[in-house]
Amino acid sequence: MLTLGIETSCDETSFAVLKNGRLILSNVVSSSLFRHKPFGGIVPEIASRHSLEQVDTVFHEALKKAKIKPRDLDLVAVTEGPGLIGSLLVGVCFAKSLSYELGVPLVGVNHLEAHLVAPFIIFDHDKIFPRVKEPMRFLGLLVSGGHTCLTLHEKGRVTLLGETVDDAVGEAYDKVAKILGLGYPGGPVIDKLAYEGDSEKFRFTKPKQKNRFDFSFSGIKTAVLYTVQKQKNLSRPFICDMAASFQKACVHWLVEKTFVAADEHKVQDIVVGGGVSANSLLRKSLTDEGVKRDLKMWIPPLMLTTDNAAMIGARGFDLYRQGKRASLQLTGNPSLKVA
Ligand code: KG4
Ligand code: ZN
């Protein structure tokens with residue numbers, strides 16, 4: 001069975017073809033990030049225009065790479081939300097037209113839930129070393145530019161355990177990078193500079209939430225801002241020390257809550273996804289802690305941490321198998337919630 005995944009929720013326009021919902025035949029991503037950089041963040045109008053310009057080309061390239069024709073497709077899966085409405089509508093309109101034209105089913109996908117399928121996707125070379133069976137019950141840690149949440153997944157049912165009450169962790173990385181004059185996006189550059197810095201140089205107060213599994217990252221961002229304002233000269237050693245200290249605190253809070261939730265809900269498997277799951281310290285800390293506690297960590301390969309259509313196709317395939325179908329009434333839902 002061949003699924004076409006379509007992702008246009010933010011600054012990426014991506015199409016992917018998957019065989020049986022897991023094997024990538026193609027995954028083409030066109031990013032408009034370079035167009036947003038001068039503005040220090042995503043400009044919604046630029047993102048949707050870029051998607052509109054790119055959508056047809058990326059679709060044809062994905063089919064070409066997969067060596068298939070449109071008529072070979074059996075299912076169309078598209079990001080329904082959350083995201084920017086203009087960008088979402090480009091993908092949703094394209095998906096509806098294609099599913100109608102080909103007479104194949106259409107499925108709307110929650111982008112956040114899709115991030116957590118990324119570690120289960122396989123590439124051609126993985127067929128030689130098949131991975132162990134996918135867990136039916138697991139804890140999900142979603143860390144992206146717009147969301148930070150802990151979820152419990154049981155036989156396809158998703159329960160939200162906690163989420164950020166203010167900034168998402170990726171958003172905090174982006175804002176701290178801006179404060180330090182490092183440009184956008186902030187995650188990769190802070191991750192890199194942190195290796196040159198002293199992570200003990202600055203200490204941040206751990207935020208306390210009513211719900212133990214909620215997160216907060218706006219306090220640390222403000223603490224960084226106040227420290228920077230007091231600093232006369234933003235020298236490279238100062239920036240690196242701040243990057244290392246900020247990263248250590250964020251990762252520590254994420255990892256701590258994840259394992260408390262894993263203990264409480266007695267899960268054997270933890271699945272991670274979202275742009276911040278590319279973070280080197282987070283990947284290492286989760287892996288090390290997982291080994292210590294004998295829990296299986298599922299972390300996506302780097303190329304599937306950020307937004308891509310392969311994860312949309314994979315999640316869409318699962319929803320299709322659960323009997324979910326979207327009608328031609330499907331529309332973009334910018335504030336679609338997880339669970
Ligand atoms: O999942 P994603 O591509 O987009 C959303 O759905 O939001 O995540 C983008 C976020 C940005 O905030 C970016 O700064 C962050 O992921 N990011 C990282 C790293 N690479 C990307 N954050 C920390 N460390 C990284 N290496
Ligand atoms: Zn995302």
Side-chain angles (χ1 to χ4, degrees), residues 10-12 14 29-42 115 118-119 141-148 164 167-204 215 217-229 231-256 258 272-290 297-308:
C10 190
D11 56 325
E12 270 91 18
S14 178
V29 183
S30 163
S31 174
S32 59
L33 192 59
F34 70 100
R35 290 186 170 177
H36 304 279
K37 277 191 182 209
F39 302 95
I42 301 294
H115 266 302
L141 171 67
L142 173 75
V143 278
S144 76
H147 298 84
T148 309
T164 183
D167 291 352
V169 61
E171 192 179 349
Y173 264 89
D174 295 335
K175 288 179 176 171
V176 163
K178 199 168 182 181
I179 293 167
L180 294 173
L182 299 174
Y184 178 86
V189 60
I190 290 183
D191 195 1
K192 194 163 157 240
L193 293 178
Y195 281 95
E196 286 178 43
D198 174 6
S199 62
E200 299 296 319
K201 192 81 182 191
F202 303 100
R203 294 285 170 99
F204 300 103
F215 297 94
F217 292 97
S218 80
I220 189 168
K221 169 203 68 191
T222 311
V224 171
L225 177 68
Y226 289 161
T227 313
V228 168
Q229 280 172 346
Q231 188 75 8
K232 284 196 192 82
N233 162 32
L234 284 192
S235 65
R236 189 173 172 101
F238 171 86
I239 291 175
C240 293
D241 288 345
M242 185 54 88
S245 307
F246 166 78
Q247 173 148 296
K248 186 181 174 187
C250 290
V251 168
H252 178 69
W253 299 341
L254 287 168
V255 173
E256 194 177 44
T258 301
V272 191
V276 184
S277 68
N279 186 268
S280 59
L281 183 64
L282 182 63
R283 294 172 84 88
K284 183 176 181 324
S285 307
L286 287 169
T287 308
D288 291 351
E289 199 61 30
M297 292 299 314
W298 297 82
I299 303 177
L302 279 178
M303 67 167 293
L304 294 181
T305 54
T306 43
D307 294 349
N308 65 84

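Just so we're clear, the structure is a prediction, and the values are computed from it rather than from any experiment. Position 1 is the first residue of the sequence, and the numbers go up from there.
Checked against S277 for a side-chain contact (heavy atoms from CB on, under 4.5 Å), the options V143, L142, L141 give a single hit: V143.
Residues that satisfy the side chain to side chain donor-acceptor pair (under 3.5 Å) test with D174, not counting sequence neighbours, are absent from this structure. Take K175 and apply the side chain to side chain donor-acceptor pair (under 3.5 Å) test, not counting sequence neighbours, and it matches D167, E171.
Here the side chains of F217 and L254 are in contact, with some heavy-atom distance below 4.5 Å. Between I299 and P119 there is no side-chain heavy-atom pair separated by less than 4.5 Å. R236 is listed as a side-chain neighbour of E196, based on a closest heavy-atom distance under 4.5 Å. Two residues are said to be in side-chain contact when any heavy atoms from C-beta on lie closer than 4.5 Å; W253 and V169 fail this criterion.
Under the 6.0 Å cut-off for aromatic ring centres, F238 and F202 qualify, their centroids lying closer than that.
In terms of heavy atoms, I220 sits closest to C250 at CD1-SG, 4.3 Å. The shortest non-hydrogen separation linking S285 to V251 is OG-CG1, 3.6 Å. The shortest heavy-atom contact between T305 and H115 is O-CE1, 3.4 Å. Of all heavy-atom pairs between E200 and S245, the closest is N-OG, 4.4 Å. Pairing each heavy atom of S144 with each of A168, the nearest pair is O-CB, 3.7 Å.
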May I have the step-by-step check of side chain to side chain contact (heavy atoms under 4.5 Å, CB included) for R283 and M297, ending in yes or no? CA-CA 10 Å; R283 294 172 84 88; M297 292 299 314; over 6 Å; no
Candidate pair L33 and E12, rule side chain to side chain contact (heavy atoms under 4.5 Å, CB included), full reasoning: CA-CA 8 Å; L33 192 59; E12 270 91 18; 5.7 Å; no
Could you please spell out the steps behind the side chain to side chain contact (heavy atoms under 4.5 Å, CB included) verdict for S218 and K221? CA-CA 5 Å; S218 80; K221 169 203 68 191; 3.9 Å; yes
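Remark: H252 NE2 to L282 CG distance equals 13.0 Å, nearest 0.5 Å. Interatomic distance, S32 OG to I42 CD1, rounded to the nearest 0.5 Å: 6.0 Å. One finds the CD atom of E256 at 9.5 Å from the OG1 atom of T258 (value rounded to the nearest 0.5 Å). With values rounded to the nearest 0.5 angstrom, H36 atom NE2 is found 7.0 Å from C10 atom SG.
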Side chains of residues 178-195: which donor-acceptor partners sit under 3.5 Å, not counting sequence neighbours?
| unit_1 | atom_1 | unit_2 | atom_2 | d |
| --- | --- | --- | --- | --- |
| D191 | OD1 | Q247 | NE2 | 3.3 |
| D191 | OD1 | S280 | OG | 2.7 |
| D191 | OD2 | S280 | N | 3.0 |
| Y195 | OH | S280 | OG | 2.7 |

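Other residues, nucleotides and ligands contribute over 12 non-hydrogen atoms within 6.0 Å of the CZ atom of F34.
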